[in-house]
Amino acid sequence: MSTGFSRRATISVCSLCMAGALALAPAAAATGGGGEPAPPAPRAAVPQPSLLYGSGVQVRPRAGAPETPQLSALSWLVADADSGDVLAADGAHRKLPPASTLKTLFALTVLPTLPATQQHKVSYQELADVGEGSSLVGVEEGHTYQVADLWRGVFLSSGNDAVHVLAALDGGVDTTVARMQTKARTLGAMDTHVISPDGYDSPGQVSSAFDLAVFGRAGLHNPDFARYCSTAQAQFPGEGWPFAIENTNRLLTGEDGVAPYPGIIGIKNGYTSNAGNTLVAAARRGGRTLVVTVMNPQEGGGLAVYEEARQLLDWGFAAAGRVDPVGSLDGLRTTPEPTHSAIPVAAATSPAPDDDTDWTRTATIAGIVILGAAGVTLALRGKGGKDTGSGSGSGSGSGTRA
């Protein structure tokens, strides 16, 4: 018995099914599980203009935000080390002598080029240009050191002698200075002008609270940098036997009556008669890492730099979620940040894999296609076994390709 359907009618049914599926797909995508229009997807947050070139304390408090501390430093900054958001600052881009905090940039530049286990015998020429009155770890001419020993001398004892030997291994002081300058610009540190790789007072050598925070944050992404800057005590090779050295960062060691900071990671302190006391410090608490810079406190003596850094860290942790950023440590980069701890805004606002919207769209289109296939099967069934088999094969093949 024939149903009276022709092949032309069959093709028409298929065409209508496909057209209906295409026409209804946008509507299915726009409806939720209850059939109501889905709300528009949230937009990525638009960063507010940077305030980091403004004068005075810069902060964007929300309701309930703690008061920023009153500090005597010529400039300071506190930032979230994960996101790069600057939470507050004063004179962030003020150009000042950095002292030994510039060794952070030296380490970022040279650490990746020298194997830690490399052995090197020190020559007289490598120590000849170390500045008078420099801080020293005790590198001796004619002695053989591992590169790792020299890095401990840099980070713990702030040894300019170790810096000059490592610079010699890197191609010489002039080459290293040029590479440091290039590295600073790549990181978006535009205030820094390098004259000496160790931070020794030199006319025209400057950096800023912003740039030093950039260097400190970048250093935390380097496992060797992070390990060295957080080491409190170590042994350094001496004449006949090693001797103990200790980190000069009092927030890390708790020396000279400075209480160790809870969750302190370390990084680098510095002092010269021209720069005063400077410090880049980082600490972690409650899943957040903060980095702070303090440059040349004007009150409180030589240990004030640690207490002012402590106040900034305390404030930064207390201000979590209660302030909007006043700028970003990534704001002036010439290349993208290679490592991100936080989820990008776009990814965070995308629908989850089990979102009802995706399921509704898929189920709607699939239902239309199934109904269409059923119609075709019924139409062809009356044409006899041969036509039914042919139509079933074509329909199955089409479904697989789709």
Side-chain angles (χ1 to χ4, degrees), residues 49-59 68 71-79 84-109 131 134-135 158 160 163 173-174 176-219 267-282 291-299 302 304-305 308-309 312 325-334:
S50 173
L51 302 179
L52 295 180
Y53 285 95
S55 60
V57 175
Q58 302 298 321
V59 63
T68 53
L71 306 181
S72 70
L74 295 183
S75 68
W76 55 264
L77 180 147
V78 54
D85 288 343
V86 179
L87 308 181
D90 186 357
H93 288 287
R94 182 176 179 178
K95 296 179 181 180
L96 294 167
S100 285
T101 54
L102 193 63
K103 289 181 171 79
T104 55
L105 176 60
F106 172 74
L108 285 174
T109 304
S134 288
S135 55
S158 203
N160 290 2
V163 169
V173 168
D174 291 343
T176 300
V177 165
R179 293 185 61 231
M180 289 171 66
Q181 193 68 65
T182 299
K183 182 69 172 180
R185 295 298 178 264
T186 301
L187 293 170
M190 305 302 178
D191 304 319
T192 298
H193 184 58
V194 184
I195 302 294
S196 174
D198 50 21
Y200 189 80
D201 279 339
S202 303
Q205 179 157 272
V206 292
S207 191
S208 67
F210 178 91
D211 286 12
L212 293 172
V214 167
F215 303 151
R217 179 193 180 214
I267 299 189
K268 192 72 190 74
N269 62 307
Y271 172 80
T272 66
S273 55
N274 189 35
N277 288 281
T278 58
L279 176 67
V280 185
V291 59
V292 301
T293 308
V294 179
M295 301 191 75
N296 199 356
Q298 300 298 290
E299 301 173 2
V305 70
E308 295 197 4
L312 284 178
V326 295
S328 171
L329 296 180
D330 291 325
L332 300 176
R333 289 183 66 97
T334 58

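Just so it is clear, the structure is predicted and the values come from calculations on it, not from any experiment. Any value given below was found using the heavy atoms of this structure, including those in side chains, with hydrogens, waters and symmetry copies removed.
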So do [Y] and [X] actually touch side chain to side chain, heavy atoms under 4.5 Å?
| X | Y | result |
| --- | --- | --- |
| V305 | N269 | no |
| K268 | T278 | no |
| V86 | L329 | yes |
| V214 | R333 | no |
| Q205 | H193 | no |
| Y271 | S135 | no |

With [X] via side-chain hydrogen bond (donor to acceptor under 3.5 Å, both in side chains) - residues at least two apart:
| X | result |
| --- | --- |
| S100 | K103, S158 |
| D201 | T272 |
| S50 | none |
| S72 | E308 |

Write down the atom of [X], the atom of [Y], and the distance for their closest heavy-atom approach.
| X | Y | answer |
| --- | --- | --- |
| S207 | T192 | OG-OG1, 2.8 Å |
| A213 | V291 | O-CG2, 4.2 Å |
| T101 | L212 | OG1-CD1, 3.4 Å |
| S196 | L102 | O-CD2, 3.6 Å |
| P98 | M295 | CA-CE, 4.1 Å |
| I195 | G204 | CG1-C, 4.2 Å |

Gap separating the [atom1] atom of [X] from the [atom2] atom of [Y], nearest 0.5 angstrom:
| X | Y | atom1 | atom2 | answer |
| --- | --- | --- | --- | --- |
| D198 | S202 | CG | OG | 7.5 Å |
| R179 | D174 | CZ | CG | 13.5 Å |
| T68 | D90 | OG1 | CG | 9.0 Å |
| K95 | D211 | NZ | CG | 9.0 Å |
| R185 | L332 | CZ | CG | 10.5 Å |

Check side chain to side chain contact (heavy atoms under 4.5 Å, CB included) between [X] and all other residues, then give those that pass, not counting sequence neighbours.
| X | answer |
| --- | --- |
| A92 | L52, L77, A89, F210 |
| S328 | D330 |
| L74 | R94, L96, N296, Q298 |
| V173 | H164, A167, V177, P197 |

Chi angles and distances behind the side-chain contact (heavy atoms from CB on, under 4.5 Å) call for V280, F215: CA-CA 9 Å; V280 185; F215 303 151; over 6 Å; no

Residues V163, T176; criterion side-chain contact (heavy atoms from CB on, under 4.5 Å); working and verdict: CA-CA 10 Å; V163 169; T176 300; over 6 Å; no

Side chain S208, main chain H93, donor-acceptor under 3.5 Å: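 Side chain of S208 to backbone of H93: no pair is present.
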
With sequence neighbours excluded, residues passing ring pair (Phe, Tyr, Trp, His ring centres under 6.0 Å) with F106: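 Ring pair (Phe, Tyr, Trp, His ring centres under 6.0 Å) check on F106 returns W151.
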
Verdict with supporting geometry, K183 and L105, side-chain contact (heavy atoms from CB on, under 4.5 Å): CA-CA 8 Å; K183 182 69 172 180; L105 176 60; 3.9 Å; yes

